[in-house]
Amino acid sequence: MAEVNQVDRKVLRVLSGEALSPPPAWMMRQAGRYLPEYRATRAQAGSFLDLCYSPDFAVEVTLQPIRRFGFEASILFSDILVVPHALGQDVRFVEGEGPRLDPLHGRAEFERLRAAEDPAVFDHLAPVFETVARLRRELPAETTLLGFCGAPWTVASYMIGGRGTPDLAPARALAKADPALLDALIDRLVAVQTEYLVRQLRAGADAVQIFESHAGTLPEAGSDGADPLARWSFRPISRMIEGIRAEVPGARIIVFARGSGLDGHARVVPETGADAVGVDWAVDLAELRRRLPASTVTQGNLHPDILIEGGEALDEAVDAVLEATRGLPHIFNLGHGITPQTPVAHVERMLARLRGA
């Protein structure tokens with residue numbers, strides 16, 4: 001993990017429980033298609049996976065929003081699906097449609113995946129670690145560098161379904177038909193992604209975020225009555241966090257459990273051991289803050305659509321986040337990733353409003 005004693009990395013200060021005014025800011029998907037310079041680099045790189053696996057290109061697109069906006073944190077440019085790709089599953093990205101994988105229908109496909117301890121897994125991911133190391137050298141000293149991965153349930157759902165689906169029906173069906181197989185897949189993802197984040201931290205990441213993008217679409221409770229959010233999401237994430245901190249004591253970790261609702265968001269920190277809860281746009285941030293201990297760190301909540309709308313509605317939304325978190329440890333962010341149609345001028349207005357508060 002990068003040395004921070006001589007520099008003022010505001011995001012790390014907040015992750016340690018300090019309330020700053022104004023709060024530090026970054027955006028999920030801040031390196032992306034809303035930026036003309038990203039689109040130009042993406043065209044040079046070729047395929048999306050070539051962009052992820054080329055340190056030259058990945059460093060460049062990660063730095064672009066920092067140069068333009070001066071965000072207090074920079075998040076590694078990559079994708080959650082490089083992990084199943086490293087495990088040996090075919091992964092490709094179809095322009096205009098998103099990721100496609102060869103679906104994992106049952107045990108035969110599972111047995112063909114690489115084992116967690118197979119050196120080829122991390123040989124495959126070596127370019128990601130090189131990108132992290134280069135970013136830490138090239139970023140401004142005060143900019144927090146975030147690594148990331150997907151949560152086991154979210155990654156498993158793509159591996160089983162072969163693509164993102166609204167209700168994750170293939171993964172939910174497997175959970176009902178063969179829960180032991182889903183358990184085995186999640187166990188493998190816990191092991192691989194724990195080591196994956198440890199290596200990102202050792203390469204220079206200051207903190208990491210675990211994206212549970214599909215927390216709102218979990219399998220139903222089994223015959224044992226176990227809580228699906230705990231069984232399939234929070235417990236595997238907790239195991240990851242325990243494993244990370246066993247190797248990197250004091251590692252700072254954010255968990256974003258999109259779609260888990262007000263109650264689910266309130267459970268993230270106590271049940272996973274995370275340092276902060278990422279808050280999606282559907283949650284009432286003021287109500288969540290009333291439910292949480294004052295020391296709990298929150299992040300996010302601004303609706304990406306309001307950033308597209310801009311104008312006074314955007315000003316009011318920024319003010320609402322600031323009011324809900326006044327005097328409390330909070331990292332300013334969106335409640336989901338920024339969308340390609342977002343005007344750059346609206347991002348500038350958002351930051352001007354935030355920084356002038």
- Item | Exam field: side chain Arg9 to backbone Arg13, donor-acceptor pair closer than 3.5 Å | no

- Item | Arg355 with Glu72: basic N within carboxylate O range, under 4.0 Å | yes

- Query: Looking only at heavy atoms, what is the nearest atom pair of His330 and Pro24, with distance?
  - Reply: O-CD, 3.9 Å

- Sub-3.5 Å donor-acceptor pair from the side chain of Thr131 to the main-chain atoms of Pro127, do we have one? yes

- Query: Which atom names give the shortest non-hydrogen contact between Phe48 and Ser78, and what distance separates them?
  - Reply: CZ-O, 4.4 Å

- Message: Main chain of Ala313, side chain of Glu316: is a donor-acceptor contact present, judged purely on distance under 3.5 Å?
- Response: no

- For the side chain of Arg172 and the backbone of Leu218, is there at least one donor-acceptor N/O pair under 3.5 Å apart? yes

- For Glu37 and Gln64 the tightest heavy-atom approach is O-NE2, 3.2 Å

- Task: If the plane angle is over 60° it's perpendicular, under 30° parallel, otherwise tilted; pick one for Phe148 and Phe211.
- Result: perpendicular

- Message: Exactly one of Thr325, Leu262, Thr296 should register a side chain to side chain contact (heavy atoms under 4.5 Å, CB included) with Leu288. Which one does?
- Response: Leu262

- Task: Under the side-chain contact (heavy atoms from CB on, under 4.5 Å) rule, what do Leu201 and Glu247 come out as? Steps first, then yes or no, please.
- Result: CA-CA 10 Å; Leu201 289 161; Glu247 297 295 323; over 6 Å; no

- Are Leu328 and Val283 joined in one hydrophobic group, where the rule is that I, L, V, M, F, W and Y side chains link up if heavy atoms are under 4.5 Å apart? no

- Message: As a quick check of understanding, evaluate side-chain hydrogen bond (donor to acceptor under 3.5 Å, both in side chains) for Thr154 and Ser157, giving each step before the final call.
- Response: CA-CA 5 Å; Thr154 289; Ser157 71; 5.4 Å; no

- Task: Go through the steps to decide whether Val82 and His124 satisfy the test side-chain contact (heavy atoms from CB on, under 4.5 Å), and finish with yes or no.
- Result: CA-CA 9 Å; Val82 298; His124 183 100; 5.6 Å; no

- Message: Do the side chains of Glu287 and Arg290 get close enough for a salt bridge, i.e. N-O under 4.0 angstrom?
- Response: yes

- Query: Would you say the side-chain atoms of Gln89 pair up with the backbone N or O of Met159, donor to acceptor, closer than 3.5 Å?
  - Reply: yes

- Query: Is there a donor-acceptor pair under 3.5 Å between the side chain of His265 and the backbone N or O of Asp280?
  - Reply: yes

- Message: Checking the side chain of Arg235 only, and the main-chain atoms of Glu271 only, is there a donor and an acceptor separated by less than 3.5 Å?
- Response: no

- Task: Examine Leu354 and Met350 and state if one hydrophobic cluster contains both, with Ile, Leu, Val, Met, Phe, Trp and Tyr joined whenever side-chain heavy atoms are less than 4.5 Å apart.
- Result: yes

- Query: Out of Ile210, Ile253, Val277, Ile241, which one pairs with Thr272 under the side chain to side chain contact (heavy atoms under 4.5 Å, CB included) rule?
  - Reply: Ile241

- Query: Okay, side chain of His346, backbone of Leu307: is any donor-acceptor separation there less than 3.5 Å?
  - Reply: yes

- Would you sort out whether Asp275 and Arg252 count as a salt bridge (Lys or Arg N to Asp or Glu O under 4.0 Å), showing the intermediate values? CA-CA 6 Å; Asp275 295 285; Arg252 297 299 187 190; 3.1 Å; yes

- Message: For the backbone of His214 and the side chain of Trp153, can you confirm whether one donor and one acceptor N or O come within less than 3.5 Å of each other?
- Response: yes

- Message: Does the plane of the ring in Tyr34 sit parallel, tilted or perpendicular to the ring in Phe69? Use 30° and 60° as the thresholds.
- Response: parallel

- Answer yes if the ring centres of Tyr38 and Phe77 are under 6.0 angstrom apart, and no otherwise. yes

- Minimum heavy-atom separation for Leu302 to Ala317, with atom names? CD1-CB, 3.4 Å

- Task: State whether Phe122 and Arg199 meet the cation-pi test: NZ (Lys) or CZ (Arg) under 6.0 Å from the six-membered ring centroid, and within 45° of the perpendicular axis.
- Result: yes

- Item | Atom of Met240, atom of Cys149 and distance for their closest heavy-atom approach | CE-SG, 3.7 Å

- Inspect the surroundings of CZ in Arg163 and state if more than 12 heavy atoms from other residues, nucleotides or ligands are less than 6.0 Å away. no

- Query: Counting only N and O atoms by type, is there a donor-acceptor contact under 3.5 Å from the side chain of Arg29 to the main-chain atoms of His336?
  - Reply: no

- Query: Any idea which heavy atoms bring Ile80 and Val155 closest together, and the distance?
  - Reply: O-CG2, 4.3 Å

- Message: So, taking the atom named CG in Leu49 and the one named NE2 in His85, what distance separates them when rounded to the nearest 0.5 Å?
- Response: 5.5 Å

- Item | Verify same cluster id: Ile308, Val347 (apolar side-chain graph, 4.5 Å) | no

- Within-4.5 Å side-chain heavy-atom neighbours: Tyr158 and Leu101: yes

- From His303 NE2 over to Leu314 CG, what is the distance, rounded to the nearest 0.5 angstrom? 13.0 Å

- For salt bridge (Lys or Arg N to Asp or Glu O under 4.0 Å), just list the numbers for Asp227 and Arg267, CA-CA rounded to whole Å, side-chain angles, deciding distance to a tenth of an Å, and then say yes or no. CA-CA 12 Å; Asp227 170 23; Arg267 292 168 54 186; 2.4 Å; yes

- Could you give the distance from CD (Gln299) to CG (Asn333), rounded to the nearest 0.5 Å? 4.5 Å

- Message: Looking only at the side chains, is there a donor atom on one of Thr298 and Arg289 sitting less than 3.5 Å from an acceptor on the other?
- Response: yes

- For atom CD of Glu312, is the number of surrounding heavy atoms from other residues, nucleotides or ligands below 6.0 Å larger than 12? no

- Taking only Lys NZ, Arg NE, NH1 and NH2, and the carboxylate oxygens of Asp or Glu, determine whether Arg112 and Asp102 approach each other closer than 4.0 Å. no

- Value for CZ (Phe129) from CG (Leu76), rounded to nearest 0.5 Å, stands at 10.0 Å

- May I have the step-by-step check of salt bridge (Lys or Arg N to Asp or Glu O under 4.0 Å) for Glu242 and Arg239, ending in yes or no? CA-CA 5 Å; Glu242 288 176 4; Arg239 288 161 53 203; over 6 Å; no

- Message: Rounded at 0.5 Å granularity, tell me how far CG in Leu185 sits from CG in Leu174.
- Response: 8.0 Å

- Message: Could you tell me if Ser233 and Glu212 have a donor-acceptor pair between their side chains, going purely by distance under 3.5 Å?
- Response: yes

- Item | Pairwise distance CD1(Ile160) to CZ(Phe110) - rounded to 0.5 angstrom | 10.5 Å

